[in-house]
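These notes concern the structure reproduced below.
Each ligand, and each atom within it, is numbered from 1 in the order the structure gives. Counting from 1, the numbers follow the sequence of the chain as shown.
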Amino acid sequence: MTHELAPRIAPDISTLFAEREADRYDMHSRHLNEQMVRVLRTIGYDVQFRRGTGPYLFDAAGERYLDLLSGFGVFGIGRNHPVLRDALKDVLDSDLPNLVQLDVSTLAGILAERLLAHVPYLDKVFFANSGAEAVEAAIKFARTATGRPGLVFCDHAFHGLTNGALSLNGDAVFRDGFEPLLPDCVRVPFNDLAALERALASRRVAAFVVEPIQGKGVNMPAPGYLQAAAELCRRHGTLLVADEIQTGLGRTGRFLAVEHWNVEPDMVLLSKSLSGGHVPSSAVLMRRHIFEKMFDRMDRAVVHGSTFAKNDLAMAAGIATLDVIEQERLIDRAARMGDRLLRELTAMVPRYEMLREVRGKGLMIGIEFGAPASLRLKASWSVVETASKGLFCQLITIPLFKEHKILCQVAGHASHTIKLIPAFVITDDDCDWIVRAFDETIAGSHRVPGAVWSLGKTLIGHAARGRKPVRTFGSARQETPANT
Ligand SMILES: Cc1ncc(COP(=O)(O)O)c(C=O)c1O
């Protein structure tokens with residue numbers, strides 16, 4: 001029987017979703033990650049999101065939320081963008097010759113051409129399925145291209161959680177319990193050129209892998225750091241790999257974040273926004289000589305690869321995403337909205353003693369808090385922070401969520417920085433919403449006694465009763481959305 005004649009009993013996914021959505025927490029407790037459910041229930045985020053569009057989410061009660069987390073940064077063009085939806089439907093309706101494997105993909109050719117047009121000094125593209133998989137590929141490309149084993153990475157770096165990528169992770173919380181990882185990986189402090197030079201001097205280092213702006217903490221490169229690092233790499237025969245998985249495709253107000261500092265890496269890693277959020281996808285852009293060292297003979301044509309990497313849905317999602325970014329001028333928009341948010345949030349710093357700094361580029365913004373000077377706040381801060389370092393930020397993010405319907409994350413384990421990575425499509429009204437919500441919430445945190453500090457006591461109570469999520473929220477990936 002051909003598939004045209006088969007009876008059509010396809011599941012109606014939206015009906016299935018509607019029928020079972022109320023069970024989601026129970027299903028996850030039973031069959032998936034119970035700790036995640038405990039986290040959500042403890043902090044009151046179990047609101048049963050039902051719908052997403054653009055930068056907004058809607059819960060079971062019909063409340064609209066402004067999503068400043070955007071699925072860890074994947075919904076650059078917004079959720080469920082109609083152009084992306086049409087592109088994906090078109091693929092499904094077209095009976096394309098997907099994943100023939102003993103052919104080459106037309107859509108992959110188009111997407112590679114389109115990506116390289118934005119990065120003209122690079123020549124070749126390798127596609128993969130996720131950020132971590134792009135990092136794994138970069139490690140292999142760098143080692144085989146240079147014939148060297150070494151890899152240098154930075155303190156606080158986050159490049160993914162597979163074994164190779166984890167070997168380049170600068171945070172013990174992620175590494176503990178999984179070592180030994182890859183040998184010959186050397187950690188250097190971010191922004192420390194002398195340490196980088198010492199590490200590269202061995203001339204055994206294949207690649208320096210670095211996020212132009214670190215996702216954990218939203219740490220900015222010091223002026224001149226990335227250019228000088230690129231020069232050091234060139235001098236020592238090391239490849240510079242820019243992990244732009246989070247920063248790339250317009251998030252920082254340029255197609256690549258490295259453009260802010262006029263740096264041309266040897267490899268650039270892209271993912272997150274590339275997929276439009278709907279189909280896992282990643283790309284490694286690189287110089288020709290690196291690519292050709294890996295694929296140097298016909299019998300090595302498949303020496304590295306991944307079955308689903310160039311699948312038509314992912315490639316079409318990438319093409320449609322680039323179209324939307326170009327047609328809606330979303331890179332300019334990210335720059336404009338980001339400048340506005342940076343300016344208006346920074347203007348609050350002198351008014352609030354616990355608000356230390358606002359930093360970032362485009363729509364990747366870190367809002368950092370720190371210990372107060374006044375006695376009246378000092379005692380409360382110290383109770384909360386002694387119970388769990390970084391807990392103060394949860395006292396900001398939870399009221400932002402509950403009272404202002406803003407979803408955002410803490411920028412890492414024990415961090416005092418809240419990170420904003422919204423969709424590039426946010427509007428001036430959304431910026432007003434963000435600024436007003438932060439202003440009111442931060443003002444509330446400067447009142448003692450007050451609701452914010454009572455929340456602190458409640459969370460500490462949960463932690464004391466062994467409900468670990470309070471401590472780990474913002475740290476372990478499996479347990480928390482506070483992690484990219
Ligand atoms: C800079 C960076 N690199 C790599 C990754 C890993 O990507 P994935 O979670 O798709 O494996 C992330 C994810 O947060 C990231 O932010």
Task: No-hydrogen, no-angle side-chain donor-acceptor test under 3.5 Å, H118 and E326 - done: yes
Task: Side chain, backbone, both or neither: the part of F158 lying under 4.0 Å from ligand 1 by heavy atom - done: both
Open item on the list: I need the full list of ring-ring contact (aromatic ring centres under 6.0 Å, His included) pairs touching residues 194-235, with sequence neighbours left out, sorted by first then second residue.
Closed with: F190-Y225
Open item on the list: Out of all atoms in ligand 1, which are within 4.0 Å of some heavy atom of D243? Include the element for each.
Closed with: 1 (C), 2 (C), 3 (N), 4 (C)
Open item on the list: Check whether F158 forms a cation-pi arrangement with K216 (NZ or CZ under 6.0 Å from the six-membered ring centre, at most 45° off the ring normal).
Closed with: yes
Open item on the list: At less than 4.0 angstrom from any non-hydrogen atom of A132, what atoms of ligand 1 do you find?
Closed with: 6 (C), 7 (O), 8 (P), 11 (O)
Open item on the list: Check this for me - ligand 1, Q246, N or O atoms closer than 3.5 angstrom, yes or no?
Closed with: yes
TODO: Go through the steps to decide whether L400 and C408 satisfy the test side-chain contact (heavy atoms from CB on, under 4.5 Å), and finish with yes or no.
DONE: CA-CA 8 Å; L400 279 171; C408 62; 3.8 Å; yes
Task: R51/D67 salt bridge by N-O under 4.0 Å criterion - done: no
TODO: Give yes if a backbone or side-chain nitrogen or oxygen of G131 is under 3.5 Å from a nitrogen or oxygen of ligand 1, and no if not.
DONE: yes
Task: Polar proximity ligand 1 side, I245 side, N/O cut 3.5 Å exclusive - done: no
- [ ] Report yes or no: does a heavy atom of K272 sit under 4.0 Å from some atom of ligand 1?
- [x] yes
Open item on the list: Please list, in number order, the atoms of ligand 1 under 4.0 Å from a heavy atom of G160.
Closed with: 4 (C), 5 (C), 6 (C)
Can you give the donor-acceptor pairs under 3.5 Å from side chains of residues 357-365 to other protein atoms, not counting sequence neighbours?
unit_1: E357; atom_1: OE1; unit_2: R359; atom_2: NH1; d: 2.6
unit_1: R359; atom_1: NE; unit_2: V218; atom_2: O; d: 2.7
unit_1: R359; atom_1: NH1; unit_2: E368; atom_2: OE1; d: 2.6
unit_1: R359; atom_1: NH2; unit_2: G217; atom_2: O; d: 2.8
unit_1: R359; atom_1: NH2; unit_2: E368; atom_2: OE1; d: 3.1
unit_1: R359; atom_1: NH2; unit_2: T417; atom_2: OG1; d: 3.2

